[in-house]
Amino acid sequence: MTTAALPQSKTHRSWWHRNQIRITPWLFLAPGILFFAVYVILPIFQSFGISLQDWDGLGEATYIGTQNYEELWSDPAFYTSLKNNLLWLLLYLLAIPAGLFIALFLNQTVTGIRLYKSLFFFPFVISQVVVGLVFTWFYDPAFGLLNIMLGWFGAGPINVLGDPNYVTYGIIAAGLWPQTAYCMILYLTGLNAVNPELIEAGRLDNAKGWRMLWHVVLPQLKPATFIAFVVTIIGALRSFDLISVMTQGGPFGSSRVLSFYMFEVALSEYGFRMGYGAAIAVVLFLIMLLFIAYFLYSMYREERR
Amino acid sequence: AEHTAPLSGDMTIFSDMSNPAPRAVMESLVEEFGAMHPDLNIELTVIDREAYKTQIRNFLTANAPDVANWYAGNRMAPYVDAGLFLDVSDIWDDEMSANLSSTKEAMTMDGKQWGVPYTYYQWGVYYRKDLYDQYGLEEPQDWETFKSNCQTLLDNGIKCFTIGTKFLWTAGGWFDYLNMRTNGYDYHMQLTAGEIPWTDDGVKQTFANWRELIDMGAFIDNHTAYSWQEALPFMTNGDAAAYLMGNFAVAPLREAGLTDDQLDYYQFPAINPDVELAEDAPTDTFHVPAQAGNPEAGKAFLKFVTTPETQTRINAGDALGQLPVNSQSSVDDDKFLQQGFEVLSSNSPGGVAQFFDRDAPAEMAKVAMEGFQQFMVQPDQIDNILSRLDQAAQRIYK
Amino acid sequence: MSGVELTNVVKKYGETQVIHGIDLTVNEGEFAVFVGPSGCGKSTLLRMIAGLEETTSGKIRIGQRDVTREDPAERGVAMVFQTYALYPHMTVAENMGFGLRMTGHPKAEVKQKVNEAARILQLTDYLDRKPAALSGGQRQRVAIGRSITRGPEVFLFDEPLSNLDAELRVEMRVEIARLHKDIGATMIYVTHDQVEAMTLADKIVVLRKGVIEQVGAPLELYRDPDNRFVAGFIGSPAMNFLDATVQDGALQVPALGGRVEVPQTLPEAGRAVSLGLRPEHLRVTEGDSFTVDLTEALGGVSYAYLRASSGERIIVEERGDTRAKIGDTVGLAFDTDRSMLFDAKTEGRIR
Amino acid sequence: MSGVELTNVVKKYGETQVIHGIDLTVNEGEFAVFVGPSGCGKSTLLRMIAGLEETTSGKIRIGQRDVTREDPAERGVAMVFQTYALYPHMTVAENMGFGLRMTGHPKAEVKQKVNEAARILQLTDYLDRKPAALSGGQRQRVAIGRSITRGPEVFLFDEPLSNLDAELRVEMRVEIARLHKDIGATMIYVTHDQVEAMTLADKIVVLRKGVIEQVGAPLELYRDPDNRFVAGFIGSPAMNFLDATVQDGALQVPALGGRVEVPQTLPEAGRAVSLGLRPEHLRVTEGDSFTVDLTEALGGVSYAYLRASSGERIIVEERGDTRAKIGDTVGLAFDTDRSMLFDAKTEGRIR
Amino acid sequence: MFPTPIEKAPRAAQLSYQALLPLALILWLLPLIAVMIFSIKPGADFGNANYWGWPSSFEGFTNYGKVFFESEMPRYMLNSVLITVPTVIGAVALSAMTGFALGIYKFRSNLWIFFMFVAGNFVPFQILMVPVRDLTLDLGLYNTKTGLVLFHIAFQTGFCTLFMRNFIKQLPFELIEAARVEGVAEWRIFWYVVLPLMKPALAALAVLVFTFIWNDYFWAVVLTQGAESQPVTAGITSFNAQYRAAYHLMSAGSIVAALPPVAMFFLMQRHFIAGLTLGAVK
Ligand SMILES: Nc1ncnc2c1ncn2[C@@H]1O[C@H](COP(=O)(O)OP(=O)(O)OP(=O)(O)O)[C@@H](O)[C@H]1O
Ligand SMILES: Nc1ncnc2c1ncn2[C@@H]1O[C@H](COP(=O)(O)OP(=O)(O)OP(=O)(O)O)[C@@H](O)[C@H]1O
Ligand SMILES: [Mg+2]
Ligand SMILES: [Mg+2]
């Protein structure tokens with residue numbers, strides 16, 4: 001045996017060598033934190049600042065205190081957006097059971113099932129811009145497939161995207177399409193992780209069909225459900241692309257949501273109110289904060305275990 | 001003479017002339033101007049017309065070109081106020097002021113000129129002459145005929161007007177005409193300038209007139225779902241008989257197969273005989289941004305664009321197909337351009353407006369046009385709409 | 001209570017047959033243990049009895065009923081899984097009562113049965129906990145409790161203790177034995193732990209490659225294995241096997257340095273056989289035929305690893321006060337009555 | 001080669017102290033084994049020696065050097081993990097040479113050392129395989145080989161065999177013993193397997209709750225434990241402890257039905273003590289003080305679980321041909337020389 | 001595992017399942033199929049109100065030819081590539097580092113820094129819009145691919161860090177300890193031990209980020225303008241504005257725009273799903 005591989009002297013070990021383990025993480029973190037702080041964290045606070053100003057994005061900004069918020073308070077368009085946001089939140093959640101349903105349907109082993117699964121997953125991969133376009137045509141009052149189908153039942157035609165009563169539902173339905181695909185894949189992977197022994201125990205315990213699903217399978221899919229919930233909520237609150245592509249918030253603003261409204265007042269063709277937009281963003285942020293806090297809390301509990 | 005002054009260095013131009021024909025015009029302009037100044041290195045960036053509207057503010061503040069497209073009237077106010085456009089009064093010499101007198105006003109703010117126009121075009125009613133002939137209808141001269149024509153068409157299962165209000169501004173055109181015909185040009189200007197409240201009786205009368213058409217069912221169904229282009233097929237298919245639109249609609253209508261025998265134009269008829277006729281004629285412009293790197297070249301380009309020869313060429317039927325702004329230019333002998341020129345030069349005693357979203361401040365335009373769209377769908381909401389507009393106006397014009 | 005009877009039971013997965021026609025009777029109240037090397041089909045057979053795997057052919061009877069095609073829930077069996085398979089989202093009480101609830105028993109009855117089972121298994125204090133808050137042994141107890149509540153005719157266990165550490169394993173083993181004594185139900189138990197098999201079973205079923213090698217009481221298998229496989233499988237450390245040939249009415253065993261007389265009826269001369277000697281039946285003596293390669297002292301007992309001059313290795317158990325040391329040269333003695341003989345080719349026992 | 005010396009070593013995680021001032025010397029070339037119940041701090045102590053956990057206070061010396069505050073890399077130790085911790089993306093040779101390569105040794109040297117280690121561990125044929133293509137035992141060998149190549153002063157093992165199945169465990173155990181004999185390096189080995197501890201160790205360190213209970217050679221601990229904990233911990237099945245009181249220069253043992261004379265120097269009368277009896281030192285006799293609760297027959301040996309009329313339980317190892325049966329009423333005999341006595345309160349040995 | 005495997009169900013159920021699958025698929029993908037058919041129709045079909053009928057002639061080549069050779073689409077596509085690829089590389093690289101730091105090292109603020117990334121990842125990005133636009137303007141990166149790339153990298157770092165850290169966290173920590181005991185420097189541990197083990201995560205994440213960025217529309221609109229730097233999502237909208245009501249061309253354009261992520265998905269399917277699983281259902 002030789003000991004050649006060993007450090008022969010320890011006296012001139014540098015400070016770096018001794019403290020390597022302590023310093024390395026910070027070196028590794030530095031670029032990431034820098035980027036993230038500059039582009040994400042700081043802007044959040046800046047937005048708070050801007051929301052207290054009157055600023056057209058071109059000239060000088062003037063500090064106006066909470067005036068933007070006061071105006072929001074009495075802005076009917078804001079309430080429309082808020083109401084639509086809630087609708088989005090609520091209805092978007094349908095993607096979860098729908099995704100579960102499709103996942104259960106596809107959770108079989110027959111030849112070619114993998115191809116089927118990936119084809120079912122398509123809508124998620126496609127840009128929302130394209131999805132919006134496709135659904136705009138689907139809803140088209142003149143030639144849209146929807147109205148043709150309604151025609152078979154002697155109903156319609158419905159001008160989905162032009163009617164303030166239907167438009168939000170119409171866009172949400174379009175959004176549900178890719179979102180359902182997303183939830184489906186989450187559940188498919190979740191189903192993979194279901195413990196077969198528990199299923200068998202359930203079979204011995206006489207749990208069948210729905211009861212098996214409810215009592216044995218669903219509880220095991222909780223992680224998948226949780227993630228599906230989180231991504232769906234976030235997707236719902238971030239909804240922008242579809243509205244922008246399908247209706248531009250119309251007709252007369254009835255399909256606006258907060259994220260679109262703020263874009264509209266701040267940066268769109270006719271919008272020059274950065275401060276007001278920022279105020280809307282802050283409200284949206286506060287709503288989202290509830291969910292972020294919930295998510296972080298669950299993660300915290302998980303970590304502490 | 002000035003054109004020959006040697007220019008050198010780099011020059012950038014941002015243009016919103018993104019549709020095929022205007023784009024070709026823009027490219028030829030650059031080429032020609034480049035040929036005049038061989039030492040000048042010109043870079044042209046063409047941006048989608050709709051996108052351009054939201055992006056101009058960014059590039060004006062960040063990486064300003066030397067020349068940029070925009071619109072006349074109130075639409076340029078934010079940039080003028082923010083000092084982002086260069087004062088180009090110096091190129092508006094006497095000769096130019098004289099030649100461009102019809103649009104000089106629209107380029108002037110605070111007594112200075114902030115750019116130059118390069119084209120404008122008439123609005124009016126484009127209609128299916130063959131359908132009118134079929135049902136024995138004439139171009140209407142007054143409101144009553146206008147409505148009775150419409151009734152006849154409706155009785156035959158044809159909508160009087162096509163329109164696509166998805167992008168709002170088409171409804172603005174209707175409001176412009178109805179309001180100018182009901183209350184006159186000056187009233188309209190005061191309204192868009194915030195000097196008359198939206199709850200004024202005059203405005204209500206305008207909407208009452210509009211409502212007559214709506215109640216008749218004069219407009220196609222589901223117009224909120226369409227852009228202006230998507231509304232064209234209703235006219236080409238014969239489901240609707242007319243379109244209140246700018247002259248740019250002619251090209252796609254012709255492309256869709258309508259011949260000049262089938263398609264014709266008339267001036268929007270009088271409603272209130274006591275007011276003088278006034279027209280919408282939106283003017284498109286060129287500006288030199290305040291932060292331009294090569295303003296001299298920019299100004300030279302502006303000058304070049306407004307010369308009578310250039311004007312004649314770029315507005316010709318095979319180019320933009322619109323009206324030249326220089327009175328020394330000749331108008332193409334296209335029948336629509338001739339009629340439009342005729343209307344604007346001799347039958348618009350009340351005045352020439354830019355267009356609703358150029359006359360009113362941007363924010364107000366947005367809110368108001370949204371109101372128009374809502375009104376067209378929910379006419380019963382008019383009181384709500386008007387009080388909302390009034391509230392918005394109080395804030396915006398403050 | 002009822003016994004279980006398998007008649008010519010066969011299982012195929014597609015083309016591959018994993019159970020090759022098994023006949024087996026487990027009597028009422030009997031504790032049967034399936035042992036065998038990994039992959040021999042123990043679990044498969046158990047799961048077929050449970051109804052979790054379909055039976056390709058053959059018949060399975062539980063008590064008087066032919067259950068071959070019945071649903072698992074209808075067979076009157078309960079199963080305890082290796083990984084416990086407790087429902088993680090239910091409390092202990094809910095876990096134990098789930099089966100009854102699913103078969104529509106009234107709440108009060110469920111509760112009473114759960115309490116009863118909890119009492120037997122000393123789980124009463126934990127009824128409101130979730131499985132995650134229990135230790136391994138407690139979880140396994142809950143899993144057993146769950147099967148008790150349903151009052152099945154047959155209990156099935158698939159390596160129920162293999163996830164526990166050594167100490168707990170011993171404890172739970174004793175507990176299962178006691179449970180069997182208490183409720184006297186038919187139990188079938190899969191394990192690959194010899195000690196479990198030996199200590200728990202009324203009847204051990206030794207499986208190899210989907211075929212039953214021998215069935216019998218534990219000590220019966222230990223003392224009287226039918227073939228080399230069973231002999232080597234039962235007993236720890238495993239039996240030593242020495243190559244030998246029959247010569248002149250005795251064995252020629254190179255490892256032992258020559259001729260050995262054995263009491264068995266020998267086959268014809270020249271036949272290759274294996275001489276089986278259990279470590280506990282060997283004694284180290286003075287001599288020079290073996291060298292001690294390694295010794296392992298465990299306190300009361302130690303094992304000496306001997307190497308014959310022929311190269312074969314032999315393990316000897318020592319309990320006396322003088323024990324072999326590494327490097328020693330020793331001899332070996334054994335009682336020929338306790339040696340066993342197997343045919344080298346068929347591996348069958350030669351008695 | 002160098003020994004390891006711990007002086008008053010303490011480890012705290014935040015507020016909770018898990019190692020309570022340990023003093024220990026492991027001599028050069030010695031094979032020390034840490035045993036103790038789960039959570040007693042074996043791994044923690046080992047990892048502190050490796051430098052993977054910081055030492056809260058106290059001193060650790062390896063050879064002549066104080067390494068208490070040094071990074072793991074500087075200590076000249078090699079560690080073999082329970083899960084092998086092989087780099088899955090490297091071949092066996094790369095795995096074994098990685099440390100040398102990263103510390104800047106020339107390729108040729110690395111290669112030579114890897115080959116040397118592979119030879120020792122009979123891994124030469126597998127040098128180009130990835131770990132995934134190896135069996136558990138081979139992986140563990142690679143893990144050991146990896147530590148050999150660097151020629152460390154001290155080898156550390158944390159339950160290296162506990163992921164292997166019983167058979168392989170025996171095999172690898174023998175191999176590690178051989179390795180230690182061959183290279184003679186200082187080795188510290190953590191296990192909770194008694195057999196491993198007994199068979200491998202030159203010196204066993206029994207830990208409990210972060211404190212050393214006793215240090216000594218294996219049979220020393222078996223024969224002469226310092227306290228009840230060690231006595232109960234070493235030996236399998238565990239020693240039986242019977243409550244007793246000192247009376248009239250003898251013991252009053254209710255479980256044994258009365259007075260027992262023992263050779264130890266007894267404390268004052270009335271003192272509560274425990275009488276320790278190893279199962280292998282007990283004999284079942286005719287009698288009526290005990291009933292046989294349960295028996296476990298393992299072939300050569302069987303265990304009888306007796307219950308005294310006082311309720312206490314005793315395990316007896318039986319090897320003879322007649323063995324107790326469940327339900328029998330029996331007596332018990334033992335050699336008082338082999339009994340041990342512990343103070344009931346302090347648990348210390350009374351010699 | 002659930003529901004009952006169909007191969008154990010009666011023959012009839014198996015057959016009807018097999019038949020139901022393609023039916024369900026067609027129904028599910030109906031909108032896409034429609035667009036696909038649209039894209040090979042002649043423009044005249046739409047004039048003749050033959051929206052849903054069989055194409056009167058196959059004009060796939062004409063339509064796609066127009067998209068590829070007579071529009072800005074190829075340029076937009078190129079922009080998308082030039083935006084997406086650097087972003088993927090940047091975000092994955094940065095987050096591999098942050099994930100390593102957060103997953104391997106124990107230090108007091110570890111969890112909080114991690115939470116910062118996670119929370120930032122879920123922020124409604126509209127709130128960043130105005131300041132980020134200003135920042136980009138100030139940096140002189142407005143309307144450059146670089147500006148967009150930098151922002152995307154920064155924003156994606158949140159999600160990627162969540163993903164990477166969770167992945168690294170579940171690597172056997174002994175591997176790192178083994179390397180430390182062997183005297184390997186920390187950065188070498190990252191490079192030689194952790195990075196090779198993260199390959200599946202890197203691939204999965206790369207695929208995920210690729211689709212996210214390729215499909216981004218919002219930031220493309222906020223931070224860029226014009227064909228010179230906008231990605232294809234913005235390109236398709238202006239393309240569509242240009243060809244409004246020319247359904248065959250819009251369809252062809254949309255399909256072209258959607259193709260790369262779809263192709264990516266098909267090629268990297270395994271990684272993609274692994275990505276969702278690793279990053280999400282963890
Ligand atoms: N679904 C399946 N498809 C094909 N072969 C299978 C299947 N399930 C099990 N087998 C095969 O059947 C044989 C028996 O498996 P089984 O699980 O019963 O073995 P076992 O005796 O329980 O082994 P272990 O002791 O490892 O649990 C094995 O060879 C296995 O490979
Ligand atoms: N990071 C930590 N924080 C707090 N306590 C810890 C930590 N790591 C270990 N401990 C505690 O330190 C004690 C000793 O743990 P250690 O892992 O050394 O036990 P062990 O003897 O190796 O047990 P085992 O046989 O189960 O491996 C345990 O009580 C454990 O709960
Ligand atoms: Mg098994
Ligand atoms: Mg440990």
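A note on names: the letters A, B, ... follow the listed sequences, proteins ahead of strands, and every chain is numbered from 1.
Using a 4.5 Å heavy-atom threshold, the side chains of E:P31 and A:W137 count as separate. Taking the side chain as every heavy atom from C-beta outward, A:W26 and E:F107 approach each other to under 4.5 Å. Within the 4.5 Å cutoff, the side chain of E:T98 has no heavy atoms near those of the A:F36 side chain. A:L237 has its side chain out of reach of E:P124: every pair of non-hydrogen atoms, C-beta onward, lies at least 4.5 Å apart.
Under the 3.5 Å distance criterion, the side-chain polar atoms of E:S254 are left unmatched by any main-chain donor or acceptor of A:V130.
Only the side chain of A:M288 comes within less than 4.5 Å of a heavy atom in chain E; its backbone stays farther off. Contact annotation for A:Y300: both backbone and side-chain heavy atoms come within less than 4.5 Å of a heavy atom of chain E. Interface residue A:A181: backbone and side-chain heavy atoms are both found under 4.5 Å from chain E. Interface remark: A:V40 contributes backbone and side-chain atoms alike to the contact with chain E (heavy atom separation under 4.5 Å). In this structure, chain E has heavy atoms under 4.5 Å from both the backbone and the side chain of A:V38.
Atoms CD1 and OG, on E:I127 and A:S259 in that order, are 12.5 Å from each other to the nearest 0.5 Å. Atoms NZ and CG, on A:K117 and E:L25 in that order, are 14.0 Å from each other to the nearest 0.5 Å. Rounding to the nearest 0.5 angstrom, the gap separating the CZ atom in E:F151 from the OH atom in A:Y39 is 8.5 Å.
The ring pair (Phe, Tyr, Trp, His ring centres under 6.0 Å) test applied to A:F226 returns A:Y294, A:F295, not counting sequence neighbours.
A side-chain hydrogen bond (donor to acceptor under 3.5 Å, both in side chains) check over residues 273-286 of chain A, counting only residues at least two apart or in different chains, returns the pairs A:E71-A:R273, A:D75-A:Y276.
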